[in-house]
2 protein chains.
Amino acid sequence: MNAVTTPAKPAASGVQRIADMLRLVEETVAVTRRVVRCGEAVYQVGQPFGCFYIINSGFFKTVSLSAEGREQVIGLHFRGDWLGLDGISAGHYGGDAVAIDTGEVWAVRYDALLQAALRAPALLTALHEAMSRELVRDHDSLLSLCTLPADARVAGFLRYWADALEQRGLRTDQITLHMTRAEIGNYLGMTLESVSRALSRLARGDVIRFIEKGRRDIHIPKVEALTRFIQHMASPVQAAALH
Amino acid sequence: MNAVTTPAKPAASGVQRIADMLRLVEETVAVTRRVVRCGEAVYQVGQPFGCFYIINSGFFKTVSLSAEGREQVIGLHFRGDWLGLDGISAGHYGGDAVAIDTGEVWAVRYDALLQAALRAPALLTALHEAMSRELVRDHDSLLSLCTLPADARVAGFLRYWADALEQRGLRTDQITLHMTRAEIGNYLGMTLESVSRALSRLARGDVIRFIEKGRRDIHIPKVEALTRFIQHMASPVQAAALH
DNA sequence: CGGGAAATTGATAAGATTCAACTGCAGTGG
DNA sequence: CCACTGCAGTTGAATCTTATCAATTTCCCG
């Protein structure tokens, strides 16, 4: 499952970088492998921080919970991503990390990593890059949420997912969303109905296509068409196309 | 300017923690002090990454720019915050960092910090806590943006600002926003008119008060009133109070 | 198969934006 | 000294996007 295929054009840089990072971690610090089934939590909000969880396979979401019970999908995570980074400062995890498809994570103790980093400084770089990448990604989410209309946010979500798959050497023309419309809507700050309408409009405009017999599998003829769609919606002149 | 006052109740933990961190940095690694005037940039998007900038005084905003020119205020930063953390992974800064009030930053080279951390491991902890805190803060922003109506987001913004000042030992009952309505609106994902209306409603409900002769200075009688207001707006039953 | 969750679609309502007019204040220069 | 200009802010009315409510349809899984 989620095995890295080796296509003709391997988008090598991303795949290689991630594989190298995982090998480095494996060889320099003690890791505890753990299979997480779809729907199970890697950790939960409030639980004392101690480990990072590096994703070896599968798809995960991180969820924040406000004091009053508002729930928010904060991020989506793939092979090579580190989970639990927000736990360092507070001493406990800031939300739940949940598998949205069965996968495997490697638990790495923070103190063990710092120890190991004395012998293998590259470990530190790997940690810092993981944290920095999450910052960049969060900032991107903020930007999309604040500046794009609903339809474009859905398009951006699909493009993000496709990009993530491509960087990991997986096929990107046909993708399976491991999330319900409600989850996607929560992640994008809109209702499930709006997600459904946006997907319908994207399909009507032939930017995406639904694979027969299932609305979770989506065919993306050209990823750049998504980008054009987003730019089109973002421009001040929002012509009422695709109706 | 922005000197740390020493009130009777010093909210010591925060002040102390930040002061300790700054002293640690000062004593263990080479820093280049730099005064940044209001409106000037600490760094700009695309500029090659090399340094973090630790805020010694002043107020700063970080701004992201999309390919098509959409502009988004991502974060607000105060004494003790680290700027430029998102530059590690990409090798260049992900946005601009701009002073919204004259202040001083300490430039610390990343490589120098890693070197120094061999002798003073606490430096690493400081870096990791700074990054982790920014992650937590970003997640909080996402949560507010996606789950709160406009008025509550403005209230949340004021509470965040007041909390940041309190943690730094500054007076929190009367605060000066160093931002225009347009900047606040951009940060909160709404228009400047909506910010203005929200502030007017908060004032009408006596949750805040405007200091006479200036709409940039705001008096907050009780910070907890802001919290109650937010919770009130967040609850499913949004009684149409404060009209 | 059949029950139930997930998704789609339509009609309506609510919240926020847009457009516009107006106020107050600061800086400039006659 | 005061008119003049421009920017920041406020407020109102019309409009638009998205949420909400409701009715079906689809399909997944036991």
Side-chain angles (χ1 to χ4, degrees), chain A residues 38-39 70 100-101 144-155 157-158 176-204 208-218 232-243, chain B residues 38-39 70 100 144-155 157 176-204 208-218 232-243:
Chain A
C38 183
R70 287 171 287 136
I100 55 179
D101 184 25
S144 293
L145 271 170
C146 289
T147 65
L148 291 178
D151 285 13
R153 294 209 297 276
V154 173
F157 161 76
L158 293 174
T176 301
L177 304 177
H178 300 269
M179 304 168 74
T180 65
R181 301 289 188 264
E183 281 177 305
I184 297 170
N186 181 293
Y187 175 56
L188 298 174
M190 65 183 86
T191 59
L192 66 96
E193 291 96 331
S194 291
V195 175
S196 181
R197 283 187 241 271
L199 287 173
S200 296
R201 276 189 288 264
L202 285 171
R204 221 165 302 155
I208 64 170
R209 272 175 223 156
F210 287 105
I211 310 293
E212 21 262 309
K213 297 246 176 266
R215 308 146 311 255
R216 292 287 256 276
D217 291 318
I218 288 176
H232 184 254
M233 300 288 291
S235 79
V237 204
Q238 291 167 24
L242 308 181
H243 216 264
Chain B
C38 184
R70 287 172 287 136
I100 53 179
S144 292
L145 271 171
C146 289
T147 64
L148 291 179
D151 285 14
R153 295 209 295 278
V154 173
F157 161 75
T176 301
L177 304 177
H178 299 270
M179 306 167 73
T180 65
R181 301 289 188 263
E183 282 177 304
I184 297 171
N186 182 292
Y187 175 56
L188 298 175
M190 64 182 88
T191 60
L192 66 94
E193 291 95 332
S194 291
V195 174
S196 181
R197 282 186 242 272
L199 288 172
S200 295
R201 275 189 287 265
L202 285 170
R204 219 166 303 153
I208 65 170
R209 274 175 222 156
F210 287 105
I211 309 293
E212 20 263 310
K213 297 248 178 265
R215 308 143 311 261
R216 290 287 255 278
D217 291 318
I218 288 175
H232 184 253
M233 300 288 289
S235 80
V237 204
Q238 290 167 25
L242 308 180
H243 217 264

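Please read all numbers here as calculations on a predicted model, not as lab measurements. So you know, we letter chains A, B, ... as the sequences are listed, proteins then strands, and number each from 1.
By the side-chain hydrogen bond (donor to acceptor under 3.5 Å, both in side chains) test, S196(B) pairs with no residue at all, sequence neighbours left out. Legend: residues meeting side-chain hydrogen bond (donor to acceptor under 3.5 Å, both in side chains) with T180(B), ordered by chain and number and at least two apart, are absent.
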Donor-acceptor contacts under 3.5 Å from residues 184-194 of chain A side chains, at least two apart:
unit_1	atom_1	unit_2	atom_2	d
N186(A)	OD1	V73(A)	N	2.6
N186(A)	ND2	E71(A)	O	3.0
Y187(A)	OH	R137(A)	NH2	2.8
T191(A)	OG1	S194(A)	N	3.3
T191(A)	OG1	S194(A)	OG	3.2

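Phosphate contact (OP1/OP2 of dA6(C), side-chain N/O of R181(A), threshold under 4.0 Å): absent. Between T180(B) and dC7(D) there is no side-chain polar atom (N or O) within less than 4.0 angstrom of OP1 or OP2.
Taking every side-chain heavy atom of P149(A) into account, dT18(D) is the closest of dT10(D), dT18(D), dT9(C).
Rounding to whole angstrom units, CZ of residue R201(A) and P of dG10(C) are separated by 11 Å. One can place CG of D151(A) at 11 Å from P of dA19(D), the figure rounded to the nearest angstrom. As rounded to whole Å, 15 Å separates atom P of dA8(D) from atom CD1 of I100(B). The distance between atom CZ of R216(A) and atom C1' of dC27(D), rounded to the nearest whole Å, is 11 Å. Taking atom CD1 of residue I211(A) and atom P of nucleotide dC27(D), one finds them 13 Å apart after rounding to whole Å. Put simply, CE on M233(B) is 15 Å from P on dA14(C), counting in whole angstrom units. If you take CZ of F210(A) and C1' of dT25(D), they are 15 Å apart, rounded to a whole angstrom. In this structure, L199(A) places its CG atom 10 Å from C1' of dA7(C), rounding to the nearest Å.
Near DNA chain C, meaning a heavy atom under 4.0 Å from it, residues 183-190 of chain A has no residue at all.
Atom CZ of R216(B) sits about 8.0 Å away from atom CG of L177(B), to the nearest 0.5 Å. Once rounded to the nearest 0.5 Å, the distance linking CG of L158(A) with CG of L199(A) reads 6.0 Å. Note that OG of S144(A) is 6.0 Å distant from CZ of R70(B), once rounded to the nearest 0.5 Å. Atom CZ of R204(A) and atom CZ of R197(A) lie 10.5 Å apart (nearest 0.5 Å).
Nucleic acid contact for L192(A): base, since at least one base atom lies under 4.0 Å from a heavy atom of the residue.
Recorded end-axis angle for the helix from dC1(C)-dG30(D) to dG30(C)-dC1(D) stands at 30°, based on five pairs per end and rounded to 10 degrees.
Across all their heavy atoms, P149(B) and M233(B) have their closest contact at CG-CE, 3.7 Å. Across all their heavy atoms, A234(A) and L148(A) have their closest contact at CB-CD2, 3.7 Å. Closest approach of H178(B) to E183(B), counting heavy atoms only: O-OE1, 4.1 Å.
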*May I have the step-by-step check of side-chain contact (heavy atoms from CB on, under 4.5 Å) for F210(A) and I218(A), ending in yes or no?*
CA-CA 5 Å; F210(A) 287 105; I218(A) 288 176; 4.2 Å; yes

Return the polar atom pairs (N/O with N/O) between nucleotides 20-24 of chain D and the protein under 3.5 Å, or none.
unit_1	atom_1	unit_2	atom_2	d
dT20(D)	O4	R197(A)	NH2	2.9
dC21(D)	N4	E193(A)	OE2	3.1

